[in-house]
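Atom set for the values below is all heavy atoms of this structure, side chains included, hydrogens, waters and symmetry mates excluded.
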Amino acid sequence: MYEPPKDQLIGKTLGQYAILEEVGRGGMATVYRARQSSMNRIVAVKVLPPALMHDPGFYERFQREVDVISHLEHPHILPIYDFGQFEGMPFIVMRYLGGGSLAQMIRRGPPPFDQLERPLTQVASALDYAHQKGIIHRDIKPGNIMLDENGNAYLSDFGIARVLGSNMTGSAVIGTPAYMSPEQAMGGPIDGRSDIYALGIVLFELLTGREPYQAETPMALVLKHINEPMPPARSLRADIPNAIDAVIAIATAKEPENRFPSAADMARAFGEAARNPDKPLAGYGLKKDTPTPPTAADTPRGTKAAPEPKPRVQATMVVTEAGDSTKVSGERAATQPRRSPLPLIIGAVIVIAALALGALVALPALTPPPGPLPTPTPFSGAQVINNTQHRYSIYIPAGWLETDLSSSERTVHVWQDGLQAYVAVVIPNGVTINSQADYERAIAAYERTYDEPQLSPDSDPYIEWLDQETAPDGTLRRSYRLLFSSNPAFPSGQTDRFYFWRGQRLLIVEMYTAYSTGDTLVPTMQLILDSLQTLAPAS
């Protein structure tokens with residue numbers, strides 16, 4: 001077992017802020033829980049990498065942007081208390097929230113429709129307030145929407161994407177590719193409707209558990225946002241009403257003028273669609289010629305709706321990344337004469353996303369298994385695990401350390417990404433399932449053997465039940481909070497366990513990620529789970 005990597009900031013004091021523990025990490029920042037000595041309160045401290053200070057103009061931009069954002073006073077914008085630098089590391093001090101982010105909510109499974117109206121309305125109110133002040137967020141995503149202990153939502157990181165990627169002239173394209181509006185990706189002028197587009201993508205992900213577009217590179221992902229129609233959410237979750245799909249389609253229209261004119265309009269439309277799914281959308285200040293959004297009413301599950309007519313992009317691509325930011329330069333085809341060509345070339349420091357992810361854990365490089373990787377794979381860098389003896393196949397990121405922890409009671413194969421994450425495939429031995437009752441008894445017996453000893457707070461690790469959900473195919477997911485002692489084998493995090501009834505066997509997939517990884521590994525875990533297949537018995 002690896003020793004935990006030592007964080008040099010834990011235990012140090014940044015001015016009046018004593019760093020207690022790491023609570024989140026992204027491509028370009030680390031968030032810590034800290035104690036402010038002057039007021040004896042717990043705060044969140046976001047620390048940016050010292051390499052940014054190599055740019056002589058960066059700290060001036062940092063001060064200007066954060067000073068502007070710190071004056072935003074809205075009940076659902078995460079307040080900034082202070083900012084500065086410590087040993088060449090810029091930092092921002094914010095209110096500490098203990099409810100996690102929407103990204104963590106998503107990994108526990110899509111919530112009921114009626115649980116989404118309140119956070120969506122709160123975030124929409126915060127966005128409209130900022131837009132009225134002339135401020136565009138530019139990086140709306142689940143990880144930037146925080147929750148307090150009562151489930152109230154707060155929008156965070158206003159201006160952070162801009163200060164990381166902008167030269168203060170507005171000519172640089174910044175944001176996260178998975179949520180970027182077409183005009184933002186093309187480097188064109190943007191307004192608040194670009195944030196509404198991103199909020200529509202967030203709503204899609206909240207309802208379905210995944211982003212609408214999948215691609216192996218940031219450039220390919222951005223091109224999908226520019227050129228491909230929004231897939232109906234119903235194609236991934238059959239109980240989503242057409243009215244809610246219509247809200248998403250309007251919010252994510254390719255042309256800004258076809259979107260909701262305000263975030264509040266979008267939230268109200270969603271609330272009405274959730275309460276009255278059979279009532280058609282009306283009003284909201286939409287253009288009279290706004291096309292009816294495509295729905296999935298007649299689209300079989302797993303198939304794509306017919307694409308809507310759209311202008312294609314003819315472009316020479318220049319992709320730059322700062323953390324997870326991407327730019328695409330290009331120009332609209334002649335079908336859009338009112339838009340001027342936008343040939344943009346940016347010179348920037350390229351931070352490869354894979355390196356940013358790898359930097360999360362200070363571990364030696366692991367050599368992937370020899371031989372060519374299968375083609376195609378469901379995600380970049382995956383290796384296929386075909387275990388014919390135990391009749392399952394699964395894709396795992398190359399480089400994750402494989403360990404066989406099998407015993408006479410159960411087969412256990414584990415793939416570990418250092419101390420930050422693992423995936424385990426478990427098959428209880430001697431278990432035969434012929435009925436739903438057998439399935440339920442097998443799950444109860446497994447949990448009685450392996451979970452009950454860890455339910456006591458005196459145990460190490462200590463598990464705390466979070467929630468559960470049963471999928472339409474009968475697969476059961478149960479989620480737990482995993483807490484370790486002061487000298488942990490793993491840092492504290494969340495475990496999601498999936499029970500599959502396959503043939504006459506109980507097949508279990510257990511997935512763990514440390515809280516310090518934030519939402520960076522959630523898409524990878526979803527792709528791993530989607531790749532699981534059972535193999536036919538050897539003839």
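Here the closest non-hydrogen pair linking Gln526 and Gly209 is OE1-O, 4.2 Å. Closest of all the heavy-atom pairs between Leu127 and His137 is CD2-CB, 4.2 Å. Closest heavy-atom contact between Gly151 and Gln122: O-OE1, 4.5 Å. In terms of heavy-atom proximity, Arg237 sits nearest to Pro111 at NH1-O, 3.8 Å. Nearest heavy atoms, Ala103 versus Gly143: CB-N, 4.0 Å. Minimum interatomic distance between Glu228 and Lys254 (heavy atoms only, all atoms of both residues): O-NZ, 2.5 Å.
The distance from the CD atom of Glu469 to the OG1 atom of Thr475 is 11.0 Å, given to the nearest 0.5 Å. Summarising the geometry, atom CG belonging to Leu120 is positioned 6.5 Å from atom CZ belonging to Phe270; distances are rounded to the nearest 0.5 Å.
For the residue pair Glu447/Tyr499, the side-chain donor-acceptor check at 3.5 Å is satisfied. Between the side chains of Glu205 and Tyr179, a donor-acceptor pair is found at a separation under 3.5 Å.
A search for side-chain contact (heavy atoms from CB on, under 4.5 Å) contacts involving Pro277 returns Pro241, not counting sequence neighbours. A search for side-chain contact (heavy atoms from CB on, under 4.5 Å) contacts involving Leu466 returns Arg108, Ser479, Arg481, Gln494, not counting sequence neighbours. Contacts of Arg410 classified as side-chain contact (heavy atoms from CB on, under 4.5 Å), with partners at least two apart in sequence or in another chain: Ser407, Val412, Val426, Tyr446, Tyr450.
Ionic pairing of Asp451 and Arg478 is not present here: no N-O contact between side-chain nitrogen and carboxylate oxygen is shorter than 4.0 angstrom. A salt bridge links Arg477 to Asp467: at least one charged side-chain nitrogen sits closer than 4.0 Å to a carboxylate oxygen.
Taking the side chain as every heavy atom from C-beta outward, Thr208 and Ile240 approach each other to under 4.5 Å. Under the 4.5 Å side-chain criterion, counting only non-hydrogen atoms from C-beta, Pro75 is not in contact with Asn152.
With hydrogens and angles ignored, the 3.5 Å screen pairs a side-chain donor or acceptor of Ser156 with a backbone N or O of Asn144.
Between Tyr392 and His413, the ring-plane angle classifies as tilted under the 30° and 60° cut-offs.
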- Query: Given Ile248 and Leu207, is the side chain to side chain contact (heavy atoms under 4.5 Å, CB included) satisfied, shown in steps?
  - Reply: CA-CA 10 Å; Ile248 297 173; Leu207 291 167; 3.7 Å; yes
